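For clarity, every value in this text was computed on a predicted model and none was experimentally measured. All values below come from the heavy atoms of this structure, side chains included, with hydrogens, waters and symmetry mates left out.
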Amino acid sequence: MALRAFKNARAGLETTRGTNVAPTRGVPFTEGTHNQDVETIYPVELRNSLFGHYAGDAGTETNSFEFSGNMGYAALIEWLNLHVKAVASGTGAGADKTWTFLPLGSADDVKTATVQWGYSDSIGATRPAWEVGYCMGNELTLGWDKSPGTPGATFRSTLLSAEAATQISAFTGVGTYTAENGGLVKAVNTAVTIDATTIGTTADTDVLSAEWTLQTGPVNLYTLNNTTAAQDTLRPNPWDWEARIRRYYRNDNEVDAYVAKTIRKMRVKTTGPVLGGSFYSIQLDLYGKYTARSWAEVDGLGIEEFTLKPIFDATLGADFQVILVNDQATWT
């Protein structure tokens, strides 16, 4: 039987892109899918007949994954390695380790992963699971919303692979889940600052929600390599992201910034329990300008929604960064 409760994913970060590794840990998620898309070569042949199909065959194969769930201070290391930057260890001499994911503009150094996916209760020779290597981050969304009935602080990750899937009759490697000793990332412990000069200075307590979506922009390179798979997955395009900020219309601070196209330096920071000399935390720093504004009434309240798009910051050397503080010294 293939039961939802036994849906299983495990992964390992690859040392060399496209060289599969044994999984090193379980992947926690609330929703997850594996898409194995095999092109069907299906020509319409004109044979002096109203019947047009005489042949069908397999063509190019493309594999992708989508995972979503609640943010965890430890598990985010995996997703940020795959979407932002390769970081193998945290810094700091104490129990609290700082992980700085500052993207590079000069080189492509995101990690790739080998992923195994399937149902652990039914796996076998005739009910296989799948292993796919060379999985690279395609799109990552981090969201915060503390409205009643919302899941709070969430992530969504899509991965793209250059490889064909391999059927496996047993999971291999390590499927142990890393303990989230800091608990889940909580929207109720989140604060937002918005500034024009020094980031992190001016609190804005009128922000209702923030959702940031990063496009890594991988492209599969399909060469005549005598396989159904791509030869490589490459990143030919610049970083791109947008943040959607919903805000109660108490004042015209952000309207004026939208009209004048003033730089906005926005920080979304969630602080968790005490850890060593500091706290568990996730900090998202964004540098950009508003490109769109819309208006709505929610429960009779005037709510404005802004779209923030990236502007390079010379001091940071990037237009965004993510900083985690957790109890993990290393991650593989």
Side-chain angles (χ1 to χ4, degrees), residues 9-25 27 29 32-41 57-68 76-88 101-118 128-141 155-168 171-173 213-241 310 318-322 331-332:
R10 54 182 64 182
L13 296 178
E14 295 174 347
T15 304
T16 302
R17 287 184 181 178
T19 301
N20 288 31
V21 298
T24 53
R25 66 191 73 244
V27 178
F29 59 91
T33 58
H34 166 223
N35 300 307
Q36 182 184 27
D37 298 317
V38 180
E39 181 184 359
T40 303
I41 302 173
D57 212 338
T60 301
E61 177 177 337
T62 302
N63 283 272
S64 62
F65 292 89
E66 180 172 335
F67 296 103
S68 61
L76 279 171
I77 298 173
E78 184 91 0
W79 304 117
L80 293 171
N81 263 277
L82 294 174
H83 290 272
V84 179
K85 182 181 179 63
V87 181
F101 294 90
L102 179 65
L104 287 179
S106 58
D108 172 18
D109 72 338
V110 298
K111 293 293 283 185
T112 56
T114 300
V115 178
Q116 293 181 0
W117 188 97
W130 291 266
E131 177 175 301
V132 183
Y134 210 156
C135 294
M136 181 183 292
N138 181 20
E139 181 177 286
L140 176 67
T141 297
F155 79 92
R156 184 176 67 253
S157 167
T158 61
L159 308 176
L160 178 68
S161 174
E163 287 191 4
T166 300
Q167 293 186 1
I168 56 175
F171 291 103
T172 62
T213 299
L214 174 68
Q215 299 280 353
T216 312
V219 176
N220 279 348
L221 175 66
Y222 293 102
T223 63
L224 298 175
N225 60 0
N226 196 32
T227 75
T228 62
Q231 180 65 27
D232 287 297
T233 301
L234 306 173
R235 290 184 51 215
N237 299 309
W239 293 101
D240 192 23
W241 57 260
D319 50 44
F320 77 93
Q321 70 170 349
V322 185
W331 195 273
T332 57

Straight-line distance of F65 CZ to H34 NE2, nearest 0.5 Å: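 Answer for the CZ-NE2 pair, F65 versus H34, is 4.5 Å.
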
From C135 atom SG to L82 atom CG, the distance as rounded to the nearest 0.5 Å: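 Output value for this atom pair is 8.5 Å.
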
Candidate pair N20 and E131, rule side chain to side chain donor-acceptor pair (under 3.5 Å), full reasoning: CA-CA 9 Å; N20 288 31; E131 177 175 301; 2.9 Å; yes

In the structure I gave you, are the side-chain heavy atoms of [X] and [Y] within less than 4.5 Å of one another anywhere?
X: E39; Y: E61; result: no
X: N35; Y: T62; result: no
X: E14; Y: T112; result: yes
X: V84; Y: F320; result: yes
X: V110; Y: R235; result: yes
X: V21; Y: L13; result: no
X: F67; Y: R156; result: no
X: D319; Y: W241; result: yes

Would you say [X]'s side chain and [Y]'s backbone share a donor-acceptor pair under 3.5 angstrom?
X: T158; Y: E66; answer: no
X: N63; Y: E163; answer: yes
X: S161; Y: G133; answer: yes
X: W239; Y: L104; answer: yes

From CA spacing to verdict: side chain to side chain donor-acceptor pair (under 3.5 Å), E78, W331: CA-CA 8 Å; E78 184 91 0; W331 195 273; 2.6 Å; yes

Salt-bridge criterion met for D108 and R17 (N-O under 4.0 Å):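 So D108 pairs with R17 through a salt bridge.
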
All salt bridge (charged side-chain N to carboxylate O under 4.0 Å, His left out) counterparts of R25, not counting sequence neighbours: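 With sequence neighbours excluded, R25 shows a salt bridge (charged side-chain N to carboxylate O under 4.0 Å, His left out) to no residue whatsoever.
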
Which heavy atom of [X] sits nearest to which heavy atom of [Y], and what is that distance?
X: R10; Y: T172; result: NH1-O, 3.0 Å
X: P218; Y: M136; result: CB-SD, 3.8 Å
X: I41; Y: G59; result: CD1-CA, 4.0 Å
X: G118; Y: A129; result: CA-CB, 3.8 Å

Non-neighbouring partners of F101 that pass ring pair (Phe, Tyr, Trp, His ring centres under 6.0 Å), sequence neighbours left out: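 Counting only residues at least two positions away or on another chain, F101 forms no ring pair (Phe, Tyr, Trp, His ring centres under 6.0 Å).
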
Residue pair T227, Y222: steps toward the side chain to side chain donor-acceptor pair (under 3.5 Å) verdict: CA-CA 10 Å; T227 75; Y222 293 102; over 6 Å; no

Side chain to side chain donor-acceptor pair (under 3.5 Å) between T213 and E139, worked out: CA-CA 7 Å; T213 299; E139 181 177 286; 5.4 Å; no

Counterpart residues, side chain to side chain contact (heavy atoms under 4.5 Å, CB included), relative to T223 (two or more places apart):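 Checked T223 against side chain to side chain contact (heavy atoms under 4.5 Å, CB included); matches are L221, N225, Q231.
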
